[in-house]
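Labels below follow one simple rule: chain letters A, B, ... track the order of the sequence lines, proteins then strands, and each chain is numbered from 1. Everything numeric in this text was worked out from a predicted model, so none of it was measured.
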Number of protein chains: 2
Amino acid sequence: MAETEKNLCDYLHVHDQIIADVNAQMPKEEVLFDLSELFKVFGDSTRIRILYCLFVSEMCVCDIATLLNMTQSAISHQLSVLKRNKLVKSRREGKTVFYSLADSHVRAMLDQGVEHVTEE
Amino acid sequence: MAETEKNLCDYLHVHDQIIADVNAQMPKEEVLFDLSELFKVFGDSTRIRILYCLFVSEMCVCDIATLLNMTQSAISHQLSVLKRNKLVKSRREGKTVFYSLADSHVRAMLDQGVEHVTEE
DNA sequence: CATTCATATGAACACTTGTTCATTTGTTGT
DNA sequence: ACAACAAATGAACAAGTGTTCATATGAATG
């Protein structure tokens, strides 16, 4: 491929002014990438269900697995994804590890999410 | 597999009360599924970038493709996903189809998203 | 310190998803 | 009606992701 444009639109009608305006106001690539990564973490039904469990109460891995009728391994893997993305935190108590939502931001996003889906 | 539980936790320590409480307060399966599907749509950097284009101005397929330096086909496919999920709407003007954000809800989610990612 | 239990982790596989390429649809202008 | 162009669509392929199975860690208890 060449440097700038390849076989995109050779279209001549392109609205240069709009493109310039939009381009000027677009957030940085990196911000948009991080944002999509964040949404991606929420975009899995198992993880969403886990988050909603923790919305109600802190829980250990085994309890979540029991409640969601899934294997301990699957839940543990997903919890590690959630933790890596700072959506949950954990605290150890003997052999048991209790997970909970990381902060109020996560609560807010979940709250708004359900609202959006249930209303209208 | 049996009916209720299979080879989950045979763990005896399960916290029955917590599980009962959480189970009682969990939103319906369907709601959580729809919610994860919604987040999934936001969870792709191409779609996020398209949405942010439209956040600034309505645009036609070709303009978006030019701005994002991607093929017309790729953009068109993604727009169809966004439209199917009611995040964007379109209006035809001759040969050109202009896309824009579907409603203020979408704006709000994007706004909150960037805030969350950029701050802190 | 060996055993047991709760959790974590690695590898593998099936499934999903985004892009490309080729083609089609639908609209305008001649 | 035909040519030209913007957009949409289908098939196919590559890359990413979630679960399972097997196993490892790490903490408590006897």
Side-chain angles (χ1 to χ4, degrees), chain A residues 1 6-15 18-19 33 36-37 39-51 58-85 88-100, chain B residues 1 6-15 18-19 33 36-37 39-51 58-85 88-100:
Chain A
M1 311 142 195
K6 38 178 189 174
N7 55 339
L8 300 174
C9 311
D10 316 318
Y11 309 119
L12 300 172
H13 89 294
V14 166
H15 306 90
I18 291 180
I19 293 181
F33 182 79
S36 67
E37 290 301 303
F39 281 126
K40 211 173 280 187
V41 180
F42 283 96
D44 174 85
S45 65
T46 296
R47 287 193 292 267
I48 280 284
R49 289 189 300 158
I50 292 176
L51 289 171
E58 75 170 3
M59 292 181 88
C60 67
V61 181
C62 171
D63 285 351
I64 300 173
T66 303
L67 180 53
L68 298 185
N69 197 34
M70 292 182 65
T71 63
Q72 174 270 322
S73 180
I75 300 299
S76 187
H77 275 298
Q78 296 298 10
L79 282 169
S80 80
V81 173
L82 291 169
K83 193 169 187 183
R84 195 181 315 134
N85 288 276
V88 305
K89 57 180 194 284
S90 63
R91 121 187 128 72
R92 178 153 219 140
E93 194 175 306
K95 282 180 283 196
T96 307
V97 177
F98 288 96
Y99 282 86
S100 56
Chain B
M1 312 138 193
K6 39 177 189 174
N7 55 338
L8 299 177
C9 311
D10 316 319
Y11 309 118
L12 300 171
H13 89 297
V14 166
H15 307 89
I18 290 180
I19 293 181
F33 182 79
S36 67
E37 289 301 303
F39 281 127
K40 211 171 281 186
V41 180
F42 283 97
D44 173 85
S45 64
T46 297
R47 286 194 291 267
I48 280 285
R49 289 189 300 158
I50 292 175
L51 288 171
E58 74 170 4
M59 293 181 87
C60 67
V61 180
C62 173
D63 284 351
I64 299 173
T66 302
L67 180 53
L68 299 183
N69 197 34
M70 294 182 65
T71 63
Q72 174 269 321
S73 180
I75 300 299
S76 187
H77 276 298
Q78 296 298 10
L79 281 170
S80 81
V81 172
L82 291 169
K83 192 169 186 182
R84 195 181 316 133
N85 287 276
V88 304
K89 59 179 193 283
S90 63
R91 119 189 129 72
R92 181 154 217 138
E93 194 175 304
K95 281 180 282 194
T96 308
V97 177
F98 288 96
Y99 282 86
S100 55

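Nearest to the side chain of A/Arg92, among D/dA27, C/dG26, C/dT19, sits D/dA27.
Mapping A/Gln78 and A/Gly94 onto DNA chain D by nearest heavy atom places A/Gln78 closer to the 5' end of the strand. Along DNA chain D, the nucleotide nearest to A/Ala74 and the one nearest to B/Ser90 differ in position, and the one closer to the 5' end is contacted by B/Ser90.
B/Asp63 places a side-chain N or O within donor-acceptor distance of the main-chain N or O of A/His15, the cut-off being under 3.5 Å. Between the side chain of A/Thr66 and the backbone N or O of A/Cys62 there is at least one donor-acceptor pair closer than 3.5 Å.
When the side-chain hydrogen bond (donor to acceptor under 3.5 Å, both in side chains) test is applied to B/Ser90, the partners found at least two apart in sequence or on another chain are B/Lys83. Listed by chain and residue number, B/Glu58, B/Glu93 satisfy the salt bridge (charged side-chain N to carboxylate O under 4.0 Å, His left out) test with B/Arg91 (two or more places apart in sequence, or in another chain). Partners of A/Thr46 by side chain to side chain contact (heavy atoms under 4.5 Å, CB included), not counting sequence neighbours, listed by chain and number: A/Asp44, A/Arg49, A/Ile50, A/Met70, A/Gln78. Applying the side-chain hydrogen bond (donor to acceptor under 3.5 Å, both in side chains) rule to A/Arg92 yields no partners; only residues at least two apart in sequence or on another chain are considered. Judged as a side chain to side chain contact (heavy atoms under 4.5 Å, CB included), and not counting sequence neighbours, the contacts of B/Ser80 are B/Arg84. Taking A/Tyr99 as the reference, nothing meets the ring pair (Phe, Tyr, Trp, His ring centres under 6.0 Å) condition, with sequence neighbours excluded. Under the rule for a side-chain hydrogen bond (donor to acceptor under 3.5 Å, both in side chains), B/Lys95 has no partner lying at least two apart in sequence or in another chain.
To the nearest angstrom, P of C/dT7 lies 10 Å from CG of A/Leu79. Rounded to whole angstrom, the span from the CG atom of A/Asn85 across to the P atom of D/dT17 amounts to 11 Å. If you take CD1 of A/Ile75 and P of D/dT19, they are 8 Å apart, rounded to a whole angstrom. Atom CD of B/Glu93 and atom C1' of C/dT28 are 13 Å apart (whole Å). Rounded to whole Å, the distance from NZ on B/Lys95 to C1' on D/dC2 is 13 Å. Atom CZ in B/Phe39 sits roughly 20 Å away from atom C1' in C/dT16 (whole-Å rounding). For A/Glu58 and C/dA6, the CD to C1' distance is 15 Å, given to the nearest whole Å. Distance B/Asp63 CG to D/dA7 C1': 13 Å, rounded to the nearest Å.
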Can you give me the N/O atom pairs linking the protein to nucleotides 9-16 of chain D at distances under 3.5 Å, or say none if there are none?
{"unit_1": "D/dT9", "atom_1": "O4", "unit_2": "B/Ser73", "atom_2": "OG", "d": "2.8"}
{"unit_1": "D/dG10", "atom_1": "O6", "unit_2": "B/His77", "atom_2": "NE2", "d": "2.8"}

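Nearest heavy-atom pair, B/Phe42 versus B/Ile48, reported as atom, atom and distance to 0.1 Å: O-CG1, 3.0 Å.
Between A/Tyr99 and the phosphate of C/dA8, there is a side-chain N or O to OP1/OP2 separation shorter than 4.0 Å.
In this structure, B/Met59 and A/Ile19 have side chains that are in contact, with non-hydrogen atoms separated by less than 4.5 Å.
Contacts with DNA chain D (heavy atom under 4.0 Å) in residues 42-51 of chain B: none are found.
Remark on the helix from C/dC1-D/dG30 to C/dT30-D/dA1: inter-end axis angle 20°, axes from five-pair C1' superpositions, rounded to 10°.
The environment of A/Phe98 atom CZ is dense: over 12 non-hydrogen atoms of other residues, nucleotides or ligands sit within 6.0 angstrom.
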